[in-house]
Amino acid sequence: MTWDWKFAIDIFPDIFGAIWLVIAITFGAFFVALILGLVLMFARRSSFKPLSWLITAFIEFVRSTPPLVQLFFVYFALPAIGISINKYAAGILTLGIHYSTYISEVYRSGIEAIPKGQWEAAKAMNFSKRQTWFRVILPQAIPPVIPMLGNYLLVLFKETPILMAIGVGEFLQKAQLIGSESFKYLEPITIVGLLFLLLSYPSALLINKLEKRAKLAFTPKKKQRVNKKLRVRSEIQ
Amino acid sequence: MSIPERKLTTSNIYPMKSKKPIASYENIKKTYGDAEVLKGVDLNIAPGEKVALIGPSGSGKTTIIRMLMTLEQPDSGMIKVEGKPLWYKEVNGKLAPADEKHLREMRKNIGMVFQHFNLFPHMTILRNVTEAPVHVLGLSKEEAHRRAVDMLEKVGLGDKLDAYPSQLSGGQKQRVAIARAVVMQPKVMLFDEVTSALDPELVGEVLQVIKDLAKETDMAMILVTHEMDFARDVADRVIFLHDGKIEEEGTPKEIFENPKSERLRTFLSRFLKG
């Protein structure tokens with residue numbers, strides 16, 4: 001069996017057509033993960049121990065079970081207890097919840113890097129707990145972990161093919177359908193692989209750029225100018 | 001939880017005996033692990049009084065002021081601010097452990113400047129100084145801005161409003177930290193070895209700012225310091241701590257020129273030599 005260009009070109013639009021769905025699911029799930037990750041992080045730090053233990057157990061449980069099993073649980077098992085949601089919502093929720101457990105750890109690492117003195121200064125200025133979090137701690141804790149968050153966005157994106165298991169028409173599902181109709185798998189599956197590569201790689205570059213921008217936004221303007229001058233000078237030399 | 005009532009036993013040279021203390025410590029004890037840092041401290045601070053705490057490292061000076069800022073909790077004893085228990089709230093005449101609401105109410109009276117400045121690195125100098133007045137005191141932006149600029153000019157940093165802490169020298173950072181604490185207009189200001197982290201040539205500018213502040217303010221000030229000349233200049237009363245207890249206290253003149261205890265003499269001589 002050899003590569004059939006005509007066939008590949010014929011089927012490409014059909015597979016490519018899923019791109020908006022895949023992007024929407026990726027960002028939807030990532031959004032859920034970002035918000036829920038924050039909630040989990042707060043809950044885990046709660047001084048109310050039972051809540052903290054419960055959340056720790058939940059995080060460990062979610063992280064040590066496969067996302068595919070969780071997906072089946074949400075889509076096929078939950079309806080048995082009266083909760084049924086459509087496959088797109090199930091997909092977004094499952095991936096979102098799964099990655100929120102990782103992202104809560106990312107937040108935690110960012111927060112643990114904040115010196116104790118910042119908490120003490122916030123107390124000395126008589127900020128409330130909420131003000132301390134949102135005015136002092138998080139604005140310092142999040143910028144340094146943006147690269148890690150971006151990385152999880154890409155990992156999440158590459159996890160979207162599992163949604164074919166509940167019939168979401170993403171890339172792999174389309175390719176699978178074409179394959180089973182034509183008995184030709186080489187072209188459709190290759191195209192899926194290439195599409196992931198084409199989307200992942202530029203995104204990685206974009207995240208790199210964002211990372212630099214985030215660092216800049218965190219560095220005072222004057223220093224930026226000085227850095228730029230230094231750069232220019234070193235380039236001249 | 002019962003709080004032992006106890007009479008103050010300090011050989012009190014507490015000034016202005018008629019005035020109620022703005023802050024008082026009664027038999028305060030604190031242990032970290034195996035180390036007992038405070039072994040029963042009694043201390044009264046009068047409104048507007050400037051008190052210097054001196055003593056060897058590990059004698060518990062810093063712990064005393066950190067407790068007043070609610071950064072550490074005493075193991076036993078009673079701290080009061082304006083006559084109200086700091087770590088307890090009164091519920092129907094009984095004392096219960098303080099909650100966050102009570103602590104925030106009490107913290108209104110206290111301000112603190114730290115050894116390592118602890119400025120907020122993601123905010124400009126101006127915002128470092130306006131953030132709490134706007135969001136904690138509820139001042140209008142204009143009023144907070146006016147107060148902050150006023151105060152920053154007073155500490156000689158009126159031209160650094162839009163700079164970030166990372167662009168300042170240690171001495172400048174510490175002056176911002178002083179401005180940031182003072183705009184909150186606390187009744188007691190705590191200074192925790194504020195020059196210990198500075199290069200020697202930057203110490204003077206910070207001490208000068210504090211001296212000026214001490215002269216014109218009616219805030220009480222408690223200064224933990226290793227700068228003996230500074231303590232002599234600024235303080236109304238000097239307290240020498242040793243091994244978790246107040247070993248000796250008196251006017252700067254009494255302490256520095258006529259130390260009574262052997263320990264204080266040894267401490268001072270080591271200091272003046274070194």
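Computed from a predicted model, the values in this text were never measured in an experiment. Letters A, B, ... are given to chains in the order of the sequence lines, protein chains preceding strands, and every chain is numbered from 1.
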Task: Segment of B:F114 engaging chain A (4.5 angstrom heavy-atom cut-off) - done: side chain
TODO: Report yes if the side chains of B:P121 and A:Q118 come closer than 4.5 Å at any heavy-atom pair, otherwise no.
DONE: yes
Task: Proximity breakdown for B:R180 and chain A, heavy-atom pairs closer than 4.5 Å - done: both
Open item on the list: What part of A:Q131 gets within 4.5 angstrom of chain B, counting heavy atoms only: side chain, backbone, both, or neither?
Closed with: side chain
- [ ] Name the region of B:H135, side chain, backbone, both or neither, that has any atom closer than 4.5 Å to a heavy atom of chain A.
- [x] both
Open item on the list: For A:Y201, is the OH atom crowded, meaning more than 12 foreign heavy atoms sit under 6.0 Å from it?
Closed with: no
Task: Minimum heavy-atom distance B:N118-A:G117, with the two atoms named - done: ND2-O, 3.1 Å
TODO: Please report the shortest heavy-atom distance between B:M112 and A:A124, naming the atom on each side.
DONE: CB-CB, 4.2 Å
Open item on the list: Just so I understand: if I count every heavy-atom pair under 4.5 Å between each of B:V113, B:L103, B:L119 and chain A, which residue has the most?
Closed with: B:L119
Open item on the list: With a 6.0 Å cut-off (strictly less than), is the heavy-atom count around CZ of A:F61, excluding the residue itself, greater than 12?
Closed with: no
- [ ] Would you give the length of the straight line joining atom CD of B:E100 to atom OG of A:S47, rounded to the nearest 0.5 angstrom?
- [x] 10.0 Å
- [ ] Name the region of B:E131, side chain, backbone, both or neither, that has any atom closer than 4.5 Å to a heavy atom of chain A.
- [x] both
TODO: Pick one of side chain, backbone, both or neither for B:K108, based on which atoms fall under 4.5 Å of a heavy atom in chain A.
DONE: both
Open item on the list: Test your reading of the model: is there a side-chain donor-acceptor pair from B:R104 to the backbone of A:N126, 3.5 Å cut-off?
Closed with: yes
Task: Taking every non-hydrogen atom, the tightest pair across A:K123 and B:T70 - done: NZ-O, 3.7 Å
Open item on the list: More than 12 heavy atoms of other residues, nucleotides or ligands under 6.0 Å from NZ of B:K84: yes or no?
Closed with: no
Open item on the list: If you count heavy-atom pairs within less than 4.5 Å of chain A, which of B:H116, B:M123, B:R66 leads?
Closed with: B:R66
TODO: Kindly check if the number of other-residue, nucleotide or ligand heavy atoms within 6.0 Å of CG (B:D218) is above 12?
DONE: no
Open item on the list: How about NE2 on B:H145, more than 12 heavy atoms from neighbouring residues, nucleotides or ligands closer than 6.0 Å, or not?
Closed with: no
Open item on the list: Give me the atom names and distance for the closest heavy-atom approach of A:V136 to B:H122.
Closed with: O-CE1, 3.5 Å
Open item on the list: Evaluate A:R135 against B:F120 for side chain to side chain contact (heavy atoms under 4.5 Å, CB included), listing each step before the verdict.
Closed with: CA-CA 9 Å; A:R135 297 192 175 278; B:F120 304 128; over 6 Å; no
